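Because the structure is predicted, anything quoted here is derived from the model rather than measured. Every chain is numbered from 1 and lettered A, B, ... according to where its sequence line falls, protein lines coming before strand lines. Quick note: numbers below take in every heavy atom, side chains included, and nothing from hydrogens, waters or symmetry partners.
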2 protein chains.
Amino acid sequence: MTNNFELYKVFYWAGKTGSLTQAAKALYLTQPSVSHAIKQLEDSFGLTLFYRNSKGVSLTQEGAILYSYIEKSQILISIAEEKMAALKNLSSGELRIGGSDSLFKHYLLPFLEDYHAKHPGIKLHLNHGTTPETISFLKEGRIDIGVVRMPIVDDQLEVMKGIQLQDCFVAGSRYAELKGVVMSMELLLEYPIILFSRNSRVRMAITELFQSYGYEIKPEIEVGSVDLLIEFARKGLGISYVTREFVSKELEEGSLFEIQLDVNMPPSQVGFMIMRNMPLSSAATKFIELIK
Amino acid sequence: MTNNFELYKVFYWAGKTGSLTQAAKALYLTQPSVSHAIKQLEDSFGLTLFYRNSKGVSLTQEGAILYSYIEKSQILISIAEEKMAALKNLSSGELRIGGSDSLFKHYLLPFLEDYHAKHPGIKLHLNHGTTPETISFLKEGRIDIGVVRMPIVDDQLEVMKGIQLQDCFVAGSRYAELKGVVMSMELLLEYPIILFSRNSRVRMAITELFQSYGYEIKPEIEVGSVDLLIEFARKGLGISYVTREFVSKELEEGSLFEIQLDVNMPPSQVGFMIMRNMPLSSAATKFIELIK
DNA sequence: GTTGGTCATAGACGTGGTCTATAGCTCCTG
DNA sequence: CAGGAGCTATAGACCACGTCTATGACCAAC
């Protein structure tokens, strides 16, 4: 036996208000419709659910048992509907972004602040990882959006351009004599170089660039975070290859300066990835609108 | 926002099976109907609930949240439907009967045994009280059936005849000389009489009977239970007025004998009361069928 | 390429849920 | 006690909407 669940909604209101007429008003129906609906339920069970009297209805023994279950069920549905409304209007929900810590900190942070201020109910999850990890997370559905360096070639993914960044070599006061000097690659390679760890997108890009000119760039020091790249360069341990926009503060205050090279460093593009042909959550849609 | 609850049933099965086609089968619908239903839900919330792919569907973040509520809700409804079926087929439920202990013990007991054997899932509640108390309980909905002595005149009640009982005077061996003697009322009153307490239906009947012949019956001893009436008579404390059917064992074994009177004692009728125009529970309906 | 499985879409159909109108009932009130 | 104001039940008409069939688009596996 499997009833039309709509009947339970009618039953719930009839039980709750103790009146078919009141239930009809609550449901924007007419009283005969409600009366008919209750009769249908009763017939389907072969049980009488209500006592009818001149001032309304009251639950029978059996009706009361049914009501105890249906009430809980209906309340759950009401909560679910409220929850859905909250998700829709972004007063609730979560936004899961994957990418590198440096992009979070130096590029995404203002957007995240803005977003959080506008939608304080949305929980933010920042999932840091390498580009391939981020892509995996995206495909596994563990994040909604991935933020990485372009180019990304994966036809399961839809990639949108973000800001354009410029990588460059920087040094601290220990190498002050290089300030203002336009260096060749060959010359640069005579200094100790500090690079990001091997599996990063930036590292691959710079390695390829040098290779295309016939050089091999071998770092003296390899580090795992942008902060360390900056810190080591400031302390004079070598010349770091960093994203210029991420060291704007240090360049401005003079604790670091940019090394001029005689070749153009290609810009690098930040990209947002989402799954192609997969619907985005409201929270994620809104965030992407914000960034664009 | 208040959806057609039928949509949630479809959503539940789609989420549960991970396939619109499977959901359609479970609900005896076609796949396009299910597809349409899900679309309606999604439109009503303004949210996407499922990812569609070539091997079925899977819940989105938001769909999963909805599912967590709807699942509980639907399970409650299933339980409720099972419960209703159990109440209908009498494998569950309760039967509440009001009346006097003596009627329960001496008249209803075999029926109760039979009923309980046939429907062990039905809980029996025997609510003992006087006739007016029993009527009150019935009107308050605290019992389903009342079993009392007729006549009952109350147009809110529907009364059905039960067994006919015969009250009589009995004595024990102490008054052996009266065995076989046809006594007059006048003579009887010279012996110590034991009667049931004042507010009982039987007591009122016997008092009225004696009055109609111009006598006043005043008991030596008043007791509150039929068992005591019997016990006191056996011990020779006096002559008890009891229901003959309730002392059949004692009459047979000879520990009590019936006093012959020169007037006919009117029979007394047992009646079953239920509320007029009020639906009976399945359990109560079945019990009444059994007795008839 | 073909087959077999998804889900989506379009449009037709017909049932069932809703309506209006009215009756029957009980309780209350003048 | 008649009349009114509640309530629910019943009858019958109607039309929206839920369901169907048919088809398309897509994907994965063989």
Side-chain angles (χ1 to χ4, degrees), chain A residues 1-44 47-60 63 139 154-158 275-279, chain B residues 2-44 47-60 63 139 141 154-158 275-279:
Chain A
M1 179 247 313
T2 174
N3 271 309
N4 185 326
F5 281 14
E6 202 62 6
L7 297 180
Y8 291 123
K9 184 159 65 182
V10 178
F11 170 76
Y12 171 61
W13 282 96
K16 181 175 177 167
T17 60
S19 155
L20 303 196
T21 306
Q22 291 306 310
K25 282 180 188 163
L27 295 164
Y28 304 101
L29 292 176
T30 59
Q31 170 269 318
S33 299
V34 173
S35 180
H36 184 227
I38 298 298
K39 190 160 181 47
Q40 267 188 286
L41 253 196
E42 290 184 327
D43 289 350
S44 80
L47 296 170
T48 306
L49 300 173
F50 286 103
Y51 298 117
R52 278 80 162 169
N53 56 53
S54 65
K55 47 179 59 174
V57 296
S58 57
L59 290 160
T60 61
K139 291 184 179 174
D154 190 319
D155 56 8
Q156 283 188 60
L157 303 179
E158 186 176 332
M275 290 294 287
R276 186 179 297 283
N277 297 331
M278 284 283 204
Chain B
T2 176
N3 271 310
N4 185 325
F5 281 13
E6 202 63 6
L7 297 180
Y8 291 123
K9 186 160 66 186
V10 177
F11 170 77
Y12 171 62
W13 281 96
K16 181 176 176 165
T17 60
S19 155
L20 303 197
T21 306
Q22 290 308 309
K25 281 179 188 161
L27 294 164
Y28 303 102
L29 292 176
T30 58
Q31 171 270 318
S33 301
V34 173
S35 180
H36 183 227
I38 298 298
K39 190 162 181 45
Q40 268 188 286
L41 254 195
E42 290 184 326
D43 289 349
S44 81
L47 296 169
T48 306
L49 299 173
F50 287 104
Y51 298 116
R52 278 79 163 170
N53 56 53
S54 65
K55 48 179 59 171
V57 295
S58 57
L59 290 160
T60 61
K139 291 184 179 174
D154 189 320
D155 55 10
Q156 283 187 61
L157 302 179
E158 185 176 333
M275 289 294 286
R276 185 179 297 282
N277 296 330
M278 285 282 205

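Under the side-chain contact (heavy atoms from CB on, under 4.5 Å) rule, B:Val57 has a single partner from B:Ile38, B:Leu20, B:Thr21, which is B:Leu20.
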- request: Any chance you could list the contact pattern along nucleotides 23-30 of chain C? Use B for base contacts, S for sugar-phosphate-only contacts and - for none, protein heavy atoms under 4.0 Å, 5' to 3'.
  value: ---SS---
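Residue B:Val57 is classed as a sugar-phosphate contact, given heavy-atom separations below 4.0 Å to backbone atoms only. B:Thr21 comes within 4.0 angstrom of the backbone, heavy atoms only, and of no base.
A:Thr60 contributes a side-chain N or O that, together with a main-chain N or O of A:Leu49, makes up a donor-acceptor pair within less than 3.5 Å. At least one donor-acceptor pair closer than 3.5 Å links the side chain of B:Thr17 to the backbone N or O of B:Trp13.
You'll find the ring centres of B:Phe11 and B:Tyr8 outside the 6.0 Å limit.
The nucleotide range of DNA chain D contacted by chain A, defined by atoms under 4.0 angstrom from heavy atoms of the protein and reported 5' to 3', is D:dC7 to D:dT10.
When rounded to the nearest whole Å, the span between CD of B:Glu6 and C1' of C:dG17 equals 12 Å. B:Lys39 places its NZ atom 15 Å from the P atom of C:dC7, with the value rounded to the nearest Å. Here C:dT18 presents its C1' atom at 13 Å from CG of A:Leu7, a figure rounded to the nearest Å.
Between B:Ser19 and C:dC7 there is a side-chain polar atom (N or O) within less than 4.0 angstrom of OP1 or OP2.
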